[in-house]
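The next block holds one structure in the form of structure tokens; read it before the comments.
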Amino acid sequence: MPGFAHAADQPPADASNLLNLSLQQLSDVEVTSVSKKSEKASQAAAAIYVITQEDIRRSGMQSVPELLRMVPGLQVAQSGSQNWAITSRGFDGQFSNKLLVLIDGRTVYTPVFSGVFWDVQNLMLEDIERIEVIRGPGATLWGANAVNGVINIITKSAKDTQGTLLTGSVGNQDRVTTGARYGGQSGNLSYRTYAQYFNDNQEHTVANPISGATQGTGAGDQWHNAQGGFRLDWSQSEKEQQTVQGDVYTGQENVQRYLPVTGSVSPTFFNVVNDTDDVSGMNVLGRLTHEISPGSSITLQSYYDDVNREFQYVGSSLHTQTFDFDFQHNLTLDSHNDLTWGLGYRFINSGFGNSFYISYAPENYYESLYSGFVQDKMALVPDKVFLTFGTKLEHNDFSGFEYEPSVRLSWTPTENQTVWGAISRAVRAKTQSDNNLNLVLAAFPTPSGSPPAPGSTVLSEVGSPLTTSENVTSYEIGYRIQPRTDLSIDLTGYVNEYDHLASLALGNPTVAFDPAMGAYVFEPEISQNLNSGETHGLEAAATWEATKHIKISGGYTLFYSNFHIVGASLVTASGTAPKQQFNLRSFVDLPHNLQWDTMFYYVDSLPGASDGFGDTMAIPSYGRLDMRLGWVPLKGLDVSLIGQNLLQSQHQEFSPFIYQTPEEIGRSVLAKATLRF
Amino acid sequence: MRMRNLIRILAMTMAVCLGALAPADAQDDAGRLHKEYQVKAAFLYNFVKFVQWPGAQALDHTHAANICVMGTDPFGSILDIFKQASSSQLALNVKRGITDADIPTCHILFIARSEEDRVGQILAIARNNPVLTVSEMKGFADKGGIVEMVKTEENIGLFSKDKINLRINVKVATAEGLHIDAQLLEIAAEVMR
């Protein structure tokens, strides 16, 4: 007996009109479902950019940090072989603490080091569904430290990664990568497992002769890393979905370091050492989504994340364990209100191995973070005007209660254009680092004077219990339009007002002693939050499908800042942001299954970057040209030849990270093959 | 300074100004909900125009076109529009609840997702007759079906629209003695020869 899955009492009137359409017109009719339409990204009241699988495949980039270069509003600078300084809307540096980065809902931002360890986020790029980048405060939904943006890396579900995938690449200067993934299905259960390994012997040339190392010598930064993982998805019914996923990695990185030492150890007040960092970690995440009734669904998520880093010569080590529990409820209150609320708890257990260079007091500590949020999306005019307002309330052991409210309004006058505006507050909550970190910055001869003192002075950044959280009030406005079916333009403008920005103030010197260094004058730079200021800028993105075989994308970023600096800080350096950036990318499909992709990126100069030895230096602007030639000789086999940084043999992008040599990034060429069956 | 204040004023205005906004157009919610199947039904109707059946199955004013649905019918009453669309030149019949034995009488056979487990069996029977097999099952064209209707998301920037694309297996069609017009092949997203 045939049943009717969808029963309409009478066929709707416009159905017969469709019979009069030509074949081409029929292929162009929009069939998006009502629920999907109400969540349209094109109507979102936020500065969103999505990096698609096609962008990932055709941009030629081989890692997540490199993929982020195409996003307007983001600043991506490779400081060394394993180091990237990435931020959104200013404040770039090693300790980029105003950007939250998540992989499938798990945060990879390490609060104890105020940044993301990009060198250990080695996902298989082929298994990334998309990367959503939201510039601006995402605090209401995502919480503290999403001050200037949120990056959400979303991997494909297991049922979209079935079968076997083998990949390998070989690059100049001995870079080799290999990867394998297998996905299968059993009834309602889909799964995949993967493993990948890379070995990079590329030595990035040392840029700066100030340190004594000659230009052109190797920077001693070979590294290798192996990562593997799995994902399981299953759903017993349409109303419930479950996911379990996990990764594990281990690696070793050679790093050439310039370590400050007292005059009794070396007359130059620094030692050049070839250090080795050991990194390892694992994570497991589970998520359950359940539809209680139409219009009401809950999501439960829990994960465990373990991060290990050992700096052999420096003598410090870091071990962080994170336990996170999250609950979220989406509820359609009535035809005009969509309510979302949630609760979260995170427990972080941190163990630090202290050394002369980096120490925490106490070495081992744990902290709890409690959070709750509520948000309502109100349809003021159905399908056209939406007002979203809400707040997040958080409590952490160091900063107490923080609230982060936000109001957003979007107006869609016609289906192909949306205007939006938002006012939000976000907080970079203070953590253990702000309170208790002691970080040696430099060593130099003690200035002569009375009373007599040890001959060496060691300058250190020290935390203080008097530090507070930093905060921002952000005013944003945006406009998005699809003037023709083949063109889309997205514009965003913002003004950010910051208060209680991190600052440093010179404290009183004391005499200290270390078994290896002897007696020395300890000069503290005490952490405070006395800086403030504002930034404003413009971000633009456009995509044009010129023909069925040619697609052109572009992005532009404009950034201005005015800081009121009471005391300089490693984090508030205003000289590390370029005033302008832009990129232009073209993807061209040629006959015989060939693809020719060209990408150009321009980054303005960084006027006030640090040279790593206490002085500022300007890093000149650079233009980067990448090219990719792809070929599919047989079904399932993808071959490509990729050239990166083709315009210059080498160039510097950022200040060196702490204790590291300034490095230049060189031209590279690689050949890659991927087999699917 | 000026730019900053301007942005601030505009942002605050947006957050406050709610009055002078255009009223929404009347929404045909029921219509939107079934748009996907209206479009798929319209494609079935068009297949009658752009495909030629051989010999005894050829369509003309004396022979009605039989559009058959096998399995759980997702169209509901949408296919009834075909009765209205029948003209003096060509009559259209809609048959539901088709069994394997009925297959040879069909010009177009729409196989519902409910029959996914035995699609191989159905296609084996269809192959011996000039039947245009159509389905929304993923990978239907790879399994030997002739027309696969795929709901595809077309994106440009953040704008995205779901549309119905066709994957047409001409190899199987030709083997059955069917001729598919170039016009139909032209708009297909993928043609398998």
Side-chain angles (χ1 to χ4, degrees), chain A residues 1-8 10-12 14-16 18-19 21 23-24 26-32 34 36 40-42 44 48 50 52 380-385 407 409 411 413 416 419-423 475-477 480 482 486-490 493-495 534 536 541-543 545, chain B residues 3-5 7-8 10-15 18 21-24 27-39 41-43 45-46 50 69 71-78 80-81 84-85 96-97 112 151 153 155-166 183-184 186-187 189:
Chain A
M1 178 80 179
F4 295 94
H6 297 263
Q10 273 140 12
D14 48 347
S16 50
L18 289 179
L19 299 183
L21 295 181
L23 284 173
Q24 184 57 61
L26 260 188
S27 319
D28 286 333
V29 174
E30 182 179 0
V31 298
T32 321
V34 172
K36 191 169 172 184
K40 277 197 156 186
S42 59
I48 303 180
V50 177
T52 63
L380 297 176
V381 177
D383 281 353
K384 284 203 186 257
V385 181
V407 175
L409 186 72
W411 174 34
N416 68 335
V419 184
W420 63 271
I423 305 176
Y475 304 87
E476 298 176 276
I477 188 166
R480 220 172 269 131
Q482 186 181 9
D486 58 5
L487 177 66
S488 110
I489 299 171
D490 200 327
Y494 65 92
V495 174
E534 65 88 28
H536 58 275
T543 305
E545 270 164 31
Chain B
M3 178 185 163
R4 192 178 81 199
N5 281 332
I7 291 176
R8 201 181 300 177
L10 280 173
M12 281 182 150
T13 310
M14 292 254 36
L18 308 171
L21 298 160
Q27 292 295 306
D28 184 7
D29 260 17
R32 281 186 194 272
L33 206 61
H34 304 291
K35 200 61 171 237
E36 180 181 335
Y37 288 96
Q38 291 171 29
V39 172
F43 268 120
Y45 172 75
N46 272 283
F50 291 97
V69 179
T72 310
D73 182 355
F75 290 99
S77 54
I78 294 173
D80 293 338
I81 55 170
Q84 295 162 19
R96 297 184 177 91
K151 186 161 78 173
E153 194 180 86
N155 292 306
I156 182 153
L158 289 181
F159 292 92
S160 92
K161 282 191 175 158
D162 284 349
K163 295 182 180 176
I164 303 296
N165 280 352
L166 304 177
Q183 273 177 287
L184 180 52
E186 236 165 53
I187 60 112

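Quantities reported herein were computed from a predicted structural model and do not represent experimental measurements. A, B, ... follow the sequence lines: proteins, then strands. Residue 1 opens every chain.
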**Message:** Tell me the closest heavy-atom pair linking B:Tyr37 and B:Pro74, and the distance in Å.
**Reply:** CE2-CB, 3.5 Å
**Item:** Among A:Ser42, A:Pro413, A:Ala41, A:Ala541, residue most engaged with chain B (heavy-atom pairs, under 4.5 Å)
**Value:** A:Ser42
**Asked** Hey, what do you get for NZ (B:Lys161) to CG (A:Asn416), rounding to the nearest 0.5 Å?
**Response** 8.0 Å
**Request:** Give, as side chain, backbone, both or neither, the part of B:Leu166 having an atom under 4.5 angstrom from any heavy atom of chain A.
**Result:** neither
**Message:** Could you go through A:Glu30 and B:Lys151, starting from their C-alpha distance and side-chain angles, then the distance that decides it, and tell me whether this counts as salt bridge (Lys or Arg N to Asp or Glu O under 4.0 Å)?
**Reply:** CA-CA 10 Å; A:Glu30 182 179 0; B:Lys151 186 161 78 173; over 6 Å; no
**Message:** For the interface with chain A, which of B:Val69, B:Asn46, B:Asn155 has the highest count of heavy-atom pairs at distances below 4.5 Å?
**Reply:** B:Asn46
**Message:** Nearest 0.5 angstrom please: A:Tyr475 OH to A:Glu534 CD, how far?
**Reply:** 11.0 Å
**Request:** Would you mind checking if B:Asp80 and B:Arg96 are paired as a salt bridge, meaning a charged N to carboxylate O distance below 4.0 Å?
**Result:** yes
**Prompt:** B:Glu153 versus chain A, heavy atoms under 4.5 Å apart: side chain, backbone, both or neither?
**Reply:** side chain
**Contact winner vs chain B - A:Asp28, A:Leu21, A:Val50, heavy-atom pairs under 4.5 Å** = A:Asp28
